[in-house]
Peer 1: 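My questions will all concern the structure given below.
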Amino acid sequence: MSAQIPDKPVLEGLEDKWDAAWAEQGTYLFDRPRAAESGRAGVFSVDTPPPTASGSLHIGHVFSFTHTDLKVRFERMRGKSVFYPMGWDDNGLPTERRVQNYYGVRCDPTLPYDASFVPPFEGGDNKSSRAADQVPISRRNFIELCEKLTFEDEKQFESLFRQLGLSVDWTQTYRTISDDTIRTSQLAFLRNLERGEAYQALAPTLWDIDFRSAIAQAELEDRDQQASYHRIAFHKTDGSGDIHIETTRPELLPACVALVANPDDERYKPYFGQTVRTPLFDVEVPVLAHPLAQQDKGSGIAMICTFGDVTDIIWWRELDLPNRTILGADGRILAEAPEVIVGETGRAAYAELAGKTVFSAKKRIVELLEESGELLAVSKPFTHPVKFFEKGDRPLEIVSTRQWYLRNGARDEELRDRLIQLGQGMSWHPDFMRVRYENWTNGLTGDWLVSRQRFFGVPIPIWYGLDENGERDYSRVIAPDVSQLPVDPTTDVPAGYTEDQRGVAGGFDAERDIFDTWATSSLTPQLAGGWQRDDELWNLVAPFDLRPQGQDIIRTWLFSTMLRSTLEDGRAPWSDAAISGFIVDPDRKKMSKSKGNVVTPADILAQHGTDAVRYWAASSRLGSDAAFDPQNPTQVKIGRRLAIKVLNAAKFVLSFPVPEGARVTHALDAAMLATLDRVIADATRAYEAYDHARALEVTEAFFWTFCDDYLELVKERAYNQADSGQASAALALRLALSSLLRLLAPVLAFAAEEAWSWFEEGSIHVAAWPQPRDIDGDPAILTAASAALIGIRRAKTEAKASQKTPVTILTLRADAATVGRLRQAEGDLKAVGRIIELELLDGEGDLSVERVELAAQEA
């Protein structure tokens with residue numbers, strides 16, 4: 001075996017070497033026959049996060065996916081059949097935007113398919129390109145480009161994940177837009193529909209005017225925006241004066257349906273139940289009371305418009321107010337004024353606004369109010385939080401649209417309580433992340449909006465019957481038979497109809513919306529595990545053991561997956577959730593593409609080596625943020641030093657021959673192995689508790705003691721085959737190396753495999769996890785000998801002598817117990833220190849060097 005050990009071990013090239021070997025040997029394949037034999041208890045299954053295939057991976061992916069891989073490798077070495085798939089999240093708004101920018105196109109569903117279409121350009125992000133400059137293409141042409149680009153992204157992602165050493169079974173992959181995925185997603189929805197959990201409603205909807213799509217509550221984020229309060233006069237209907245309101249959105253005056261104040265506000269109690277008339281438009285609206293009105297905000301009374309913000313929706317719903325929406329899906333003021341604006345002056349004012357953007361409409365209505373004398377004041381600008389789509393560029397508006405919803409517990413107390421109960425029955429790592437899930441679940445204000453007005457995604461598998469006027473009859477929802485799935489309603493025909501009945505009176509019309517990407521991603525356990533497709537596989541892997549993910553998508557991915565599993569199976573989809581922290585820059589700011597501080601991992605991996613980067617990730621506990629400075633990645637450098645030391649130490653240990661029949665007989669060797677037993681037990685408990693950082697910490701600490709102290713102490717004895725203790729030292733070194741490599745294998749996947757191959761057959765990653773050997777040894781002997789070695793080195797350094805300088809006599813003083821332990825390592829101490837006479841004296845306090853005489857020729 002020693003012939004395989006290189007003269008100078010290096011880390012370079014190990015990634016390509018071992019990735020190819022693992023692929024050829026099928027090291028990480030899910031052993032299904034073995035799993036079937038052992039049953040569910042013998043399987044460890046992972047519901048792996050499917051990265052969004054719309055760009056490049058960043059250092060955060062490296063961080064969190066490494067955390068998962070550490071646990072997976074541990075469980076595999078513990079004898080579990082590991083089911084570790086990988087998915088790619090292809091569909092959704094980010095993919096469409098990337099395709100638009102990458103190819104310079106936009107989708108126009110009214111256009112016919114062009115089989116010979118070539119995009120105007122290919123490559124770059126082209127973010128500066130305007131929608132008006134993008135070439136319109138058919139829906140089918142657009143989807144083909146989406147599929148092409150995501151496929152290329154996925155190949156790059158897989159290549160980087162292989163370089164990272166993820167022990168994924170690459171034969172177990174799925175895409176969120178494949179036929180199997182579409183079938184699974186549509187089937188789950190149809191079952192929701194059948195049970196009454198899915199429904200359609202016309203309601204106020206948060207709307208992104210750039211993506212032209214509805215946005216769900218879980219996809220919102222607040223961003224600070226500048227605004228000013230406009231103090232405006234509403235006129236009392238009885239002519240007795242005015243009531244002043246303050247608003248940041250004067251452009252919504254035509255949509256005003258009421259004024260509202262707190263029921264305890266003495267200033268406005270006399271007006272509750274009365275009416276006022278709106279400025280400019282002269283529409284009579286009531287003055288109402290509601291506890292959400294804030295007495296200390298503005299003038300204490302607000303106008304309710306349909307719709308300016310989510311509070312407007314609550315007021316509108318709870319006070320049973322009319323809907324006078326004036327904003328269209330394009331974010332512009334609708335051409336038709338609300339019917340209640342009947343006066344010539346009011347209609348003329350509205351005409352000034354029609355067709356304008358929100359920004360332009362605000363500017364014009366302020367001018368009109370100034371001209372009419374109804375604008376009393378404008379405050380100094382201030383910043384306040386405004387709702388955005390998390391991937392959008394402009395504030396969301398609220399428009400009234402017909403959408404599909406899934407019941408999520410917001411209006412169903414029994415379902416909400418069940419979701420909380422199932423969350424409490426899971427193990428969370430760290431445990432405090434459970435609170436974020438519970439807070440989100442308890443704070444839901446509406447059911448889950450799952451429909452999107454986009455193109456690249458899973459089609460909602462529904463048609464509608466048309467009445468005698470060719471209008472949709474929403475009470476006649478036509479669903480396909482399960483055997484028809486997957487379907488695209490825009491091209492497929494429902495049972496009992498023919499294609500020529502599409503869009504004609506008495507015929508049918510297709511649902512053109514697609515599912516929100518989370519509506520499909522919420523089914524990742526089902527997609528990966530063969531739900532309703534492969535019953536044997538599903539029963540072997542579900543419920544899954546582990547859901548690993550980031551903390552920022554607890555409200556989206558984790559909650560939605562829990563909801564779908566609860567609705568379908570009445571159980572949690574996993575037993576454990578492992579939540580990674582964020583990556584922050586040196587200023588402790590979260591890394592994000594929008595901030596421009598994201599680090600792409602390819603260069604870091606190439607410069608420092610994969611094991612070094614894995615070490616950096618493994619050093620951080622779950623749920624804790626980790627700082628990363630690409631200019632000075634200290635932890636990465638420490639990891640590289642450790643990986644190199646592992647190779648060199650292994651080569652050194654393997655240079656000592658182990659005689660046949662060797663046994664551990666020396667007290668220092670037994671002490672080292674007994675200490676290692678404790679490390680193995682500690683590391684094992686840590687991995688079981690999802691504390692990979694603790695496992696690495698105790699293993700690394702012992703590894704450096706092993707190299708710096710124990711190996712130095714015994715190397716002379718291990719070399720000297722005439723020494724009666726040589727076999728004991730060589731065997732102890734070999735046993736320790738074997739255990740240490742396996743302890744480090746989850747972290748230093750490549751270095752550990754390389755060193756293992758020098759003296760063992762097969763992959764270290766399918767070798768058995770080390771077990772304590774129950775060696776009858778006293779760890780305190782190693783502790784004492786290490787302390788003595790440090791003292792001897794320090795004494796020579798202080799004497800300005802080389803460590804190789806012989807010592808005529810050296811005196812160590814320590815307490816009696818320590819002296820007794822040192823006597824059992826006396827020979828090794830004399831050899832490593834080149835000490836002719838070692839004097840050990842009883843005393844009190846810590847071990848100390850009391851006398852050192854260097855040999856005359858070296859003095």
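The shown structure was predicted, so the numbers you read here are calculated from the model rather than taken from an experiment.
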Peer 1: Donor-acceptor pair, R512 side chain versus P109 backbone, under 3.5 Å?
Peer 2: no
Peer 1: Using side-chain heavy atoms (C-beta onward) and a distance below 4.5 Å, is R183 in contact with V482?
Peer 2: yes
Peer 1: Assess whether a salt bridge exists between R175 and E147, defined as any Lys/Arg side-chain N lying under 4.0 Å from an Asp/Glu carboxylate O.
Peer 2: no
Peer 1: So F157 and H61, would you call those rings parallel, tilted or perpendicular, with 30° and 60° as cut-offs?
Peer 2: tilted
Peer 1: To the closest 0.5 Å, what do you measure between CD1 (I59) and CG (D585)?
Peer 2: 13.0 Å
Peer 1: Would you sort out whether Q200 and Q403 count as a side chain to side chain contact (heavy atoms under 4.5 Å, CB included), showing the intermediate values?
Peer 2: CA-CA 6 Å; Q200 194 181 47; Q403 303 286 347; over 6 Å; no
Peer 1: Please evaluate residues K155 and E152 with respect to the criterion salt bridge (Lys or Arg N to Asp or Glu O under 4.0 Å), reporting the C-alpha separation (whole Å), side-chain torsions for both, the decisive distance (0.1 Å), and the verdict.
Peer 2: CA-CA 5 Å; K155 288 198 297 186; E152 292 302 316; 3.5 Å; yes
Peer 1: Rounded at 0.5 Å granularity, tell me how far CZ in F189 sits from CG in L485.
Peer 2: 11.5 Å
Peer 1: Do Q186 side-chain atoms and V487 backbone N/O form a donor-acceptor pair below 3.5 Å?
Peer 2: yes
Peer 1: Quick check for you: to the nearest 0.5 Å, what is the distance between S167 atom OG and D69 atom CG?
Peer 2: 4.0 Å
Peer 1: Just checking, is any N or O donor in the side chain of E568 or Q526 under 3.5 Å from an acceptor N or O on the other one?
Peer 2: no
Peer 1: Can you find a heavy atom in the side chain of L406 that is under 4.5 Å from one in the side chain of N192?
Peer 2: yes
Peer 1: For salt bridge (Lys or Arg N to Asp or Glu O under 4.0 Å), just list the numbers for D552 and R555, CA-CA rounded to whole Å, side-chain angles, deciding distance to a tenth of an Å, and then say yes or no.
Peer 2: CA-CA 7 Å; D552 53 331; R555 64 194 171 114; over 6 Å; no
Peer 1: Looking only at heavy atoms, which two atoms of P494 and I478 are closest? And how far apart?
Peer 2: CB-CG2, 3.7 Å
Peer 1: Does the W531 side chain pair with the main chain of W538, one donor and one acceptor, at a distance under 3.5 Å?
Peer 2: no
Peer 1: If you apply the rule side chain to side chain contact (heavy atoms under 4.5 Å, CB included), what do you find for R614 with V62, and how did you get there?
Peer 2: CA-CA 8 Å; R614 289 175 65 93; V62 168; over 6 Å; no
Peer 1: Can you see whether D208 engages S213 through a side-chain donor-acceptor pair at a distance of less than 3.5 angstrom?
Peer 2: no
Peer 1: Test ring-ring contact (aromatic ring centres under 6.0 Å, His included) on W463 and Y497 and set out the steps.
Peer 2: CA-CA 11 Å; W463 299 269; Y497 291 86; 8.6 Å; no
Peer 1: Using the side chain to side chain contact (heavy atoms under 4.5 Å, CB included) rule, take D19 and Q163 through it: C-alpha gap first, then chi angles, then the decisive distance, then the call.
Peer 2: CA-CA 7 Å; D19 176 62; Q163 185 181 1; over 6 Å; no
Peer 1: When rounded to the nearest 0.5 angstrom, what distance separates OH in Y690 from CD1 in I579?
Peer 2: 11.0 Å
Peer 1: Give a yes or no on whether the backbone of I553 and the side-chain of Q549 come within a donor-acceptor separation of less than 3.5 Å.
Peer 2: yes
Peer 1: Taking the side chain as every heavy atom from C-beta outward, state whether S521 and W557 have any pair of such atoms under 4.5 Å apart.
Peer 2: yes
Peer 1: Keeping the roles fixed (side chain from H765, backbone from E753), state whether a donor-acceptor pair exists under 3.5 Å.
Peer 2: no
Peer 1: Under the 3.5 angstrom rule, does the side chain of N141 hit a backbone N or O of D114 as a donor-acceptor pair?
Peer 2: yes
Peer 1: Any carboxylate oxygen within less than 4.0 angstrom of a Lys/Arg side-chain nitrogen, looking at R162 and E158?
Peer 2: yes
Peer 1: Does the structure place the NZ or CZ of R139 under 6.0 Å from the centre of the six-membered ring of F455, at an angle of no more than 45° from the ring's axis?
Peer 2: no
Peer 1: Can you name the residues that form a salt bridge (Lys or Arg N to Asp or Glu O under 4.0 Å) with R547, not counting sequence neighbours?
Peer 2: D47
Peer 1: Does CZ in F151 sit with more than 12 non-hydrogen atoms of other residues, nucleotides or ligands closer than 6.0 Å?
Peer 2: no
Peer 1: Taking NZ, NE, NH1 and NH2 as the nitrogens, is one of them in E144 or R140 under 4.0 Å from a carboxylate oxygen of the other?
Peer 2: yes
Peer 1: Is there a donor-acceptor contact under 3.5 Å linking the side chains of H67 and S580?
Peer 2: yes
Peer 1: Evaluate ring-ring contact (aromatic ring centres under 6.0 Å, His included) for Y28 paired with Y84, printing each intermediate quantity in order.
Peer 2: CA-CA 8 Å; Y28 305 130; Y84 188 18; 8.8 Å; no
Peer 1: Has E499 got more than 12 heavy atoms of other residues, nucleotides or ligands less than 6.0 Å from its CD?
Peer 2: yes
Peer 1: Assess the pair F65 and F161: is the distance between their ring centroids shorter than 6.0 Å?
Peer 2: yes
Peer 1: Run the ring-ring contact (aromatic ring centres under 6.0 Å, His included) test on F211 and F389 for me, step by step, so that the C-alpha distance in whole Å, both residues' side-chain angles and the decisive distance to 0.1 Å come before the verdict.
Peer 2: CA-CA 10 Å; F211 285 108; F389 172 42; 5.4 Å; yes
Peer 1: Looking at OG1 of T205 and CD of E397, how far apart are the two atoms once the value is rounded to the nearest 0.5 Å?
Peer 2: 13.0 Å
Peer 1: Is there a side-chain contact between L160 and Q156 (heavy atoms, below 4.5 Å)?
Peer 2: no
Peer 1: Under 3.5 Å, is there a donor-acceptor pair between the side chain of R640 and the main chain of D611?
Peer 2: no
Peer 1: Run the ring-ring contact (aromatic ring centres under 6.0 Å, His included) check on W22 and F750 step by step: do they pass?
Peer 2: CA-CA 11 Å; W22 294 333; F750 294 98; 5.1 Å; yes
Peer 1: Do other residues, nucleotides or ligands put more than 12 heavy atoms under 6.0 Å from the CD atom of E12?
Peer 2: yes
Peer 1: Keeping to residues at least two apart or across chains, list the salt bridge (Lys or Arg N to Asp or Glu O under 4.0 Å) pairs with something in residues 450-459.
Peer 2: E96-R454, E219-R452, R452-D516
Peer 1: Going through the checks in order, is the salt bridge (Lys or Arg N to Asp or Glu O under 4.0 Å) test met by R223 and D393?
Peer 2: CA-CA 10 Å; R223 299 181 196 167; D393 298 323; 5.3 Å; no
Peer 1: Side chains of P50 and T524: closer than 4.5 Å at any heavy-atom pair?
Peer 2: yes
Peer 1: A side-chain contact here means heavy atoms from C-beta on lying under 4.5 Å apart; do V766 and T27 qualify?
Peer 2: yes
Peer 1: Are the side chain of S81 and the backbone N or O of R34 linked by a donor-acceptor pair below 3.5 Å?
Peer 2: no
Peer 1: Is it true that K387 and E221 make a salt bridge, defined as a side-chain N closer than 4.0 Å to a carboxylate O?
Peer 2: no
Peer 1: Treating D169 as the side-chain partner and F30 as the backbone partner, does any N or O pair qualify as donor plus acceptor under 3.5 Å?
Peer 2: yes
Peer 1: Is the distance between the ring centroids of F515 and W404 less than 6.0 Å?
Peer 2: no
Peer 1: Would you please test V99 and F142 for side chain to side chain contact (heavy atoms under 4.5 Å, CB included) and show each step?
Peer 2: CA-CA 8 Å; V99 167; F142 186 75; 3.9 Å; yes
Peer 1: Which atom names give the shortest non-hydrogen contact between L537 and G529, and what distance separates them?
Peer 2: CG-O, 3.5 Å
Peer 1: Are S138 and D108 close enough that a side-chain donor and a side-chain acceptor fall under 3.5 Å?
Peer 2: no
Peer 1: Can you list the steps and then say if D153 with R98 is a salt bridge (Lys or Arg N to Asp or Glu O under 4.0 Å)?
Peer 2: CA-CA 11 Å; D153 285 340; R98 175 161 155 75; 2.9 Å; yes
Peer 1: Whether K71 and E75 form a salt bridge (side-chain N of Lys/Arg under 4.0 Å from carboxylate O of Asp/Glu) is what I want to check.
Peer 2: yes
Peer 1: Between S45 and V541 (side chain of the first, backbone of the second, donor and acceptor by atom type, cut-off under 3.5 Å), is there such a pair?
Peer 2: yes
